[in-house]
Visitor: 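Dropping a structure here in structure tokens format, bear with me for questions.
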Number of protein chains: 2
Amino acid sequence: MKSPGTRAAYHHGNLVEELIAATIALIEEKGVDAVSVREAAKRAGVSPAAPFRHFANKTALMTAVAEQAMGRLTLSVQQELEATGDADPVEGLRAIARGYLAWALANPTHFEVIASRTLIDFHGSPKLTGETEAIRLVMLDLIARGQAGGRISPALDPDALMLSARAFIYGLCRMWIDGHFTEWHVEKPAGQAMAEAVDLFIDMIGGRQATGRAGA
Amino acid sequence: MKSPGTRAAYHHGNLVEELIAATIALIEEKGVDAVSVREAAKRAGVSPAAPFRHFANKTALMTAVAEQAMGRLTLSVQQELEATGDADPVEGLRAIARGYLAWALANPTHFEVIASRTLIDFHGSPKLTGETEAIRLVMLDLIARGQAGGRISPALDPDALMLSARAFIYGLCRMWIDGHFTEWHVEKPAGQAMAEAVDLFIDMIGGRQATGRAGA
DNA sequence: TCTCCCATGTAAGCACTGATTACATTGAAT
DNA sequence: ATTCAATGTAATCAGTGCTTACATGGGAGA
């Protein structure tokens with residue numbers, strides 16, 4: 001990257017990526033709200049004003065972080081989706097839900113950044129809107145194939161079903177990052193409870209009323 | 001309270017309530033993130049340090065706002081619930097979902113405050129945790145009665161069903177306040193789409209696969 | 001009625017934030 | 001070698017949450 005061992009150059013070289021990395025580290029350590037561009041700049045060994053050469057404002061920096069995180073989220077979903085094959089559309093929906101939930105549970109702070117509409121400029125990022133839309137289209141296709149194959153009742157309106165599924169999984173993830181499970185009073189751990197809820201929801205879509213596959 | 005008509009006394013009288021009112025007005029005008037205790041103090045005609053005599057910190061002030069809002073939310077839910085009677089437990093669940101959603105749509109910023117876990121100290125407020133738990137118990141009771149009366153399949157695990165319902169409605173509301181409907185590309189308005197999603201979800205719980213009652 | 005106390009207000013200021021402006025430094029194209 | 005645009009710094013601004021020391025005055029006890 002730059003001459004090693006000697007002093008750092010006046011021009012940093014790849015400040016952009018280093019700032020993103022520093023911000024991510026900052027998020028992991030002290031939480032999303034504790035992020036400041038000054039601190040990120042300090043960690044990158046640069047003046048407080050330097051970041052503003054590369055990011056118009058704090059929101060732009062956080063949006064860059066969100067874009068990187070979104071890449072990993074969609075990857076998680078795709079991997080889960082490919083692992084199940086495309087034999088049964090309902091199982092495809094289940095795979096998406098699981099991949100999405102699993103990533104959110106494993107990366108709560110990053111999910112918080114992606115889901116936020118105050119920290120980032122979601123609609124100003126083609127990557128964020130594009131990948132969100134892509135998942136939406138995959139789900140819509142699965143629903144259509146499920147109804148064509150008799151696996152999902154054709155009486156269910158695809159758009160309403162789509163919205164229900166999105167709201168359900170998004171709500172589950174947000175309940176988690178919003179701390180709705182901190183005093184979880186049920187016996188089983190929150191993660192398992194969520195997994196069971198996902199299976200119940202998918203089973204309801206598939207017409208079944210609770211099969212035995214709720215655990216893992 | 002104090003001599004009317006003349007100048008305000010050195011001691012304000014009811015600063016607490018006036019600060020809460022000022023904060024609410026501030027939220028309505030400029031949004032949740034634009035709230036500052038200095039501005040609230042200025043609107044109450046008081047020094048920037050005065051609020052800290054009554055609220056330990058900004059979080060405490062916002063929590064007080066949240067408690068007031070929560071009172072109105074539960075009221076909305078209860079009214080919707082009483083309006084339907086308790087003949088059909090599934091319709092009771094539908095009423096709760098509608099009351100909850102309607103209030104959130106009508107008071108997005110207040111809902112944002114309640115749902116937040118960074119602006120307020122949710123778990124430190126008996127009122128907030130208590131009223132949330134109360135709604136949870138009402139729903140649990142409705143589910144139990146629904147299963148006892150054959151209205152809801154007994155094969156569905158009550159806890160998983162409960163969590164699914166909560167996640168679903170919470171997700172719907174959060175999608176709204178998080179701005180996931182700003183570029184709503186479907187023909188029908190977002191409010192109607194959400195109402196239809198609610199009906200679809202409740203109908204799935206009730207065993208039916210989409211009746212004709214989706215429109216209001 | 002007088003006194004004193006303490007709840008409630010103010011003034012001043014600390015440490016921090018996001019952001020801007022003017023200036024300094026540099027690597028690369030001409 | 002010169003020039004110049006990109007990229008860094010220094011200094012500074014207005015605003016934030018919050019704290020400390022001091023001012024005020026309403027109400028209880030004498």
Side-chain angles (χ1 to χ4, degrees), chain A residues 1-4 6-23 26-27 29-66 113 116-121 124, chain B residues 1-4 6-23 26-27 29-66 113 116-121 124:
Chain A
M1 301 297 177
K2 70 193 176 191
S3 56
T6 69
R7 278 210 7 65
Y10 186 90
H11 290 82
H12 187 286
N14 56 345
L15 229 200
V16 171
E17 291 172 19
E18 203 143 328
L19 280 172
I20 294 176
T23 303
L26 215 41
I27 291 174
E29 287 177 30
K30 309 197 217 169
V32 170
D33 297 315
V35 170
S36 75
V37 334
R38 284 179 122 92
E39 181 69 20
K42 187 187 295 180
R43 296 199 177 204
V46 100
S47 82
F52 292 95
R53 289 283 175 199
H54 302 275
F55 300 98
N57 46 35
K58 181 182 182 180
T59 300
L61 172 59
M62 296 300 283
T63 303
V65 172
V113 174
S116 170
R117 292 297 175 277
T118 55
L119 291 172
I120 70 176
D121 178 19
Chain B
M1 299 296 177
K2 71 191 175 191
S3 57
T6 70
R7 278 212 10 66
Y10 185 89
H11 290 82
H12 188 286
N14 56 346
L15 229 200
V16 171
E17 291 171 19
E18 204 143 327
L19 280 172
I20 294 177
T23 304
L26 214 42
I27 292 175
E29 286 177 30
K30 309 197 219 168
V32 171
D33 296 316
V35 169
S36 76
V37 335
R38 284 178 123 92
E39 181 69 19
K42 186 187 296 181
R43 295 200 177 203
V46 101
S47 82
F52 292 94
R53 289 284 174 198
H54 302 275
F55 300 98
N57 45 38
K58 181 183 181 178
T59 299
L61 173 59
M62 296 300 283
T63 303
V65 172
V113 174
S116 170
R117 291 297 176 275
T118 55
L119 292 171
I120 70 175
D121 178 18

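Quick caveat, the model's predicted, so the values are computed rather than measured. So that the names make sense, note that chain A is the first sequence line, chain B the second, and so on, each numbered from 1.
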Visitor: How many Å lie between CG on B/Leu19 and C1' on C/dG9, as a whole number?
Guide: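 B/Leu19 atom CG is separated from C/dG9 atom C1' by 12 Å.
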
Visitor: So, do A/His54 and A/Ile20 sit near enough that their side-chain heavy atoms are less than 4.5 Å apart?
Guide: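 Sidechains of A/Ile20 and A/His54: no contact.
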
Visitor: Quick check: any donor-acceptor pair below 3.5 Å linking the side-chain of B/Arg38 to the base of D/dG15?
Guide: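 By the distance-only test, no, there is no pair.
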
Visitor: Using a 6.0 Å cut-off, check whether atom CD of B/Glu29 has over 12 heavy atoms from anything other than its own residue.
Guide: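 Check passes, neighbour count above 12.
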
Visitor: Which dot-bracket notation, 5' to 3', represents the base pairing of DNA chain C when pairs are defined as Watson-Crick or G-U with both distances under 3.5 Å, crossing pairs as [ ], and inter-strand pairs as |?
Guide: ||||||||||||||||||||||||||||||

Visitor: For a quick test of reading the model, state the closest non-hydrogen atom pair linking A/Val37 to A/Phe52 and the distance between them.
Guide: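 So the minimum-distance heavy-atom pair works out to CG2-CE1, 3.5 Å.
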
Visitor: If only side-chain N and O atoms of B/Ser36 are considered, is one of them under 4.0 Å from the OP1 or OP2 phosphate oxygen of D/dT16?
Guide: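 Answer is yes, contact under 4.0 Å.
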
Visitor: Provide, to the nearest angstrom, the distance between the CG atom belonging to A/Leu61 and the P atom belonging to C/dT17.
Guide: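 Going from A/Leu61 (CG) to C/dT17 (P), I get 14 Å.
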
Visitor: Please report, rounded to the nearest Å, how far the C1' atom of C/dG9 is from the CG atom of B/Asn14.
Guide: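 One finds 14 Å between C1' of C/dG9 and CG of B/Asn14, rounded.
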
Visitor: How close or far is atom P of C/dA19 from atom CZ of A/Phe55, stated in whole angstroms?
Guide: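 Value for this atom pair: 13 Å.
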
Visitor: Name the residue closer to the 5' end of DNA chain D, choosing between A/Ala50 and B/Asn57 according to the nucleotide with the nearest heavy atom.
Guide: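 Per heavy-atom nearest nucleotide, the more 5' residue is A/Ala50.
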
Visitor: Which nucleotide in the list D/dT19, D/dG8, C/dG18 gets nearest to the side chain of B/Ala49?
Guide: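 The nucleotide sitting nearest to the side chain is D/dT19.
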
Visitor: Identify the two heavy atoms, one from B/Ser47 and one from B/Ala41, that lie closest to each other, and give their separation to 0.1 Å.
Guide: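 So the two residues come closest at O-CB, 3.5 Å.
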
Visitor: Does B/Val16 reach a base, just sugar-phosphate, or nothing at all? Heavy atoms under 4.0 Å.
Guide: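 The answer is nothing, as B/Val16 stays clear of every strand by at least 4.0 Å.
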
Visitor: Which atom names give the shortest non-hydrogen contact between A/Ala44 and A/Leu19, and what distance separates them?
Guide: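 That closest heavy-atom pairing would be CB-CD2, 4.1 Å.
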
Visitor: Could you tell me if the side chain of A/Thr23 sits less than 4.5 Å from the side chain of A/Lys58, heavy atoms only?
Guide: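 Side chain of A/Lys58 against side chain of A/Thr23, heavy atoms only: no contact under 4.5 Å found.
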
Visitor: How many Å lie between CG on B/Leu15 and C1' on C/dG9, as a whole number?
Guide: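 That distance rounds to 9 Å.
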
Visitor: Mind calculating the distance between NZ (B/Lys42) and C1' (C/dT10) to the nearest angstrom?
Guide: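 These atoms are roughly 16 Å apart.
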
Visitor: Would you say B/Phe55 and B/Thr63 make side-chain contact, with heavy atoms under 4.5 Å?
Guide: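 A side-chain contact is absent here, since even the closest heavy-atom pair is not under 4.5 Å.
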
Visitor: Round to the nearest Å and state the distance from B/Arg53 atom CZ to D/dT19 atom P.
Guide: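 Distance, rounded to whole Å: 11 Å.
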
Visitor: When you check the phosphate oxygens OP1 and OP2 of C/dA7, does a side-chain N or O of B/His54 lie under 4.0 Å from one of them?
Guide: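 Indeed not, no polar side-chain atom of B/His54 lies that close.
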
Visitor: Nearest nucleotide by nearest heavy atom, which residue falls closer to the 5' end of DNA chain D, A/Pro48 or B/Lys58?
Guide: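 Its nearest nucleotide lies further toward 5', so the answer is A/Pro48.
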
Visitor: CZ of A/Phe52 versus P of D/dT9: gap in Å, rounded?
Guide: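 Checked: the CZ to P distance equals 13 Å.
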
